[in-house]
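Remember, it's 1-based here, ligands and their atoms both numbered in the order they're listed.
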Amino acid sequence: MCGIIAYRGKRTNAGELVLLGLKKLEYRGYDSWGVAVKEESRVKNQESRIFVCKKTGKIGELELKKLKLPAGQLAMAHSRWATHGGVTQRNAHPHASCQNRVVVIHNGIIENYLPLKKKLMKKGHTFISETDTEVAAHLVEENLKKYKGKVSREVFQTAVRKALNELKGRYAFLFMCKDSDVLIAARRGSPLIVGIGEDSEYFVASDIPAFLEYTNRVMYLDDEEMITIGDQHGFMNIQTGKPIEKRVITIHLKAEEAEKGKFEHFMLKEIMEQKETIHRAINQDEKLLKKVAKAITQAFGTYFVGCGTAGKVCMAAEYFFSNIAKMHVNSVFGSEFSSFQHFIKKGSLMIAISQSGETADTLEALEAGQKKGARLLTIVNVEGSSMDRMADLSVHLNAGPEKAVASTKATTAQLALTLLLAYCAAGKLNEGRKVLVEAASQINDMLNPRYEEHILKLAQQIKNVESMYVIGRGVNYPMALEAAIKLQEVSYIHAEGFAGGELKHGPIALISKGTPCIVLVSNDDTREDVLSNAMEIKARGGFIIGVAPKREEVFDYWIRVPDVGSASPIVNIIPVQILAYQLAVLRKNDPDMPRNLAKSVTVK
Ligand code: M6R
């Protein structure tokens with residue numbers, strides 16, 4: 001959930017370097033931030049120090065320029081998404097032990113921190129934050145107690161390993177000690193990637209773009225692994241201490257892809273990229289698609305699992321498979337999966353849909369399914385992510401880095417790929433490709449400045465409303481839920497999505513004069529019914545915003561979408577993405593980093 005980065009190498013501006021890298025990870029959390037630099041000792045034999053600076057809020061450009069960091073070749077930085085303890089400077093990372101001897105940075109949750117904290121306090125340790133993290137710094141310091149002054153690489157490593165073995169929960173950790181020149185990183189459940197630069201230069205971060213301008217050669221830390229980085233590195237298993245060999249992988253990702261370029265916000269850039277990303281998502285190896293489709297048709301029960309937006313795509317998958325392949329598949333939110341795991345057995349198939357491949361709830365569902373013998377398949381955007389690596393079979397969305405917290409291009413890529421799989425399972429791969437290629441070309445025509453202006457006019461008209469609603473039928477029902485998420489997370493307007501037919505069973509009581517209601521319409525057998533539902537809302541004073549291929553009488557405001565047959569949920573969600581973005585900007589919200597959220601939710 002938090003962003004972490006460290007550097008160890010020959011450069012003497014390590015502090016500055018990690019903070020610039022951290023800016024690129026801010027999408028992972030932006031409540032507060034902090035940096036630790038192992039200071040170069042100017043006087044021989046002088047005791048070394050770790051400089052620590054922490055602040056609340058996002059990292060401001062100006063603040064960065066003003067910050068006076070000491071020179072140093074070893075540094076680490078953190079941007080936080082608060083879990084334990086409020087958003088205060090004290091609770092910001094890095095956290096230090098009593099004597100500032102050990103400094104740590106952490107992403108995840110330590111479940112047993114309270115008993116450990118009590119035990120350490122009895123031994124005389126003083127805690128200054130409310131976080132679960134601080135306990136790790138004190139534990140390592142306790143393990144180093146009998147060693148005075150400089151400690152060897154092995155001693156520091158053993159002290160960290162012993163501490164890690166006492167911790168319960170999920171984590172990605174970075175450790176520094178003022179009496180050692182070594183950096184230690186460890187992982188259980190939260191991502192950590194090691195970048196290998198030139199000349200014994202190392203980077204460790206939660207995501208590759210943080211160091212991509214320096215190197216594209218990486219090694220992945222897996223669960224229960226730690227790495228000790230001095231002039232050379234060594235991986236080992238945290239529990240057993242046994243050394244581990246790792247492969248260096250070259251990543252083919254361009255640094256510019258992860259930049260905003262000419263756009264003011266990542267969200268807008270990513271919306272516009274949908275002109276190409278649908279093509280990239282469906283441009284898959286035919287053999288792989290057929291293998292996946294076969295796995296689905298032969299499975300003893302298929303479960304699509306995802307969270308948030310990806311969870312809504314899983315719901316859409318139920319409709320796609322039912323309508324196109326005449327097959328029943330299940331969809332479950334990652335966080336709800338434990339109630340359904342009883343149905344999983346050998347022969348069951350779980351398909352995780354995820355942009356990041358790191359969402360803790362989805363990962364936990366996969367782990368539970370794996371234990372019960374399910375086959376695991378993943379549809380992810382981030383190659384090399386935890387889900388990607390744990391799957392028996394993995395398909396990549398190829399949408400390029402998605403940095404804005406609100407998912408846009410990854411969502412439509414997920415929809416396109418899932419729809420294509422439904423066609424493939426029905427033995428109609430070519431037909432599916434044709435539908436999607438046509439949809440992609442229509443999206444290309446649709447995303448023009450005039451279209452944006454038309455939606456902006458609507459945004460200006462409704463920007464001060466308190467609530468709005470979205471309805472849809474059939475596959476437009478999960479899209480209505482997704483549309484509501486988009487509006488909620490960036491505009492902060494209360495928005496809810498409903499199945500059109502459900503309105504009359506309760507929610508219609510919420511409609512009063514002028515309440516905006518978006519109606520998602522497809523030119524299929526749900527059209528008439530959803531238009532009747534729109535009439536019912538209009539009769540109660542609602543302001544009807546139609547997203548539809550044709551202007552209908554009931555609409556007060558019409559946003560045209562192309563008629564693309566079964567791909568219509570893909571085109572229907574795009575104008576809502578644009579509307580949500582424009583409402584956010586008009587309401588002076590930051591669409592890329594909305595309040596209380598983080599891009600990658602690596603806590604339960
Ligand atoms: O990385 P994932 O696709 O697994 O993320 C799942 C959700 O956290 C994510 O879709 C979230 O709902 C987005 N912010 C929605 O825009």
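- A side-chain donor-acceptor contact under 3.5 Å links E225 to the backbone of D222.
- Interface of A310 with ligand 1, defined as ligand atoms under 4.0 Å from a residue heavy atom, comprises 3 (O), 10 (O).
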E318/S331 under side-chain hydrogen bond (donor to acceptor under 3.5 Å, both in side chains): CA gap, chis, key distance, verdict
CA-CA 7 Å; E318 288 193 71; S331 80; 2.7 Å; yes

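- Counting atoms of ligand 1 from 1 in the listed order, those under 4.0 Å from a heavy atom of A406 are 16 (O).
- Q355 N, 2.6 Å is the protein heavy atom nearest to atom 3 (O) of ligand 1.
- The minimum heavy-atom distance between R389 and Y220, with the atom names listed, is NH1-CB, 3.5 Å.
- The E489 neighbourhood of ligand 1 comprises atoms 13 (C), 14 (N), 15 (C), 16 (O), with distances under 4.0 Å to a heavy atom of that residue.
- One option in V490, T309, N381 has a heavy atom closer to atom 15 (C) of ligand 1 than any other, and that option is T309.
- Residue contact check: S356 has heavy atoms under 4.0 Å from atoms 1 (O), 2 (P), 4 (O) of ligand 1.
- The closest approach between V405 and ligand 1 falls below 4.0 Å for a heavy atom of the residue.
- Side-chain contact check for E264 versus K269: every heavy-atom pair is 4.5 Å or farther apart.
- At least one heavy atom of K486 sits closer than 4.0 Å to an atom of ligand 1.
- Taking the charged nitrogens against the carboxylate oxygens, R188 and E224 do have a contact shorter than 4.0 Å, which makes a salt bridge.
- Screening I351, L393, T302 for a side-chain contact (heavy atoms from CB on, under 4.5 Å) with R375, the sole residue that qualifies is L393.
- The contact set between ligand 1 and T359, taken as ligand atoms under 4.0 Å from a residue heavy atom, comprises 1 (O), 2 (P), 4 (O), 5 (O), 6 (C).
- Taking atom 6 (C) of ligand 1 as the reference point, the nearest protein heavy-atom neighbour is C307 O, 3.2 Å.
- The single protein non-hydrogen atom nearest to atom 8 (O) of ligand 1 is V601 CG2, 3.9 Å, given as residue, atom name and distance.
- Taking 4.5 Å as the limit, every side-chain heavy atom of Y469 sits out of range of all side-chain heavy atoms of L503.
- Between T408 and Q577, the side chains place no donor N or O within less than 3.5 Å of an acceptor N or O (distance only, hydrogens not considered).
- Annotation for ligand 1: atoms under 4.0 Å from non-hydrogen atoms of G308 are 12 (O).
- Considering backbone and side-chain N/O of T362, none are found under 3.5 Å from N/O of ligand 1.
- A distance of 5.5 Å separates CG of L363 from OG of S386, quoted to the nearest 0.5 Å.
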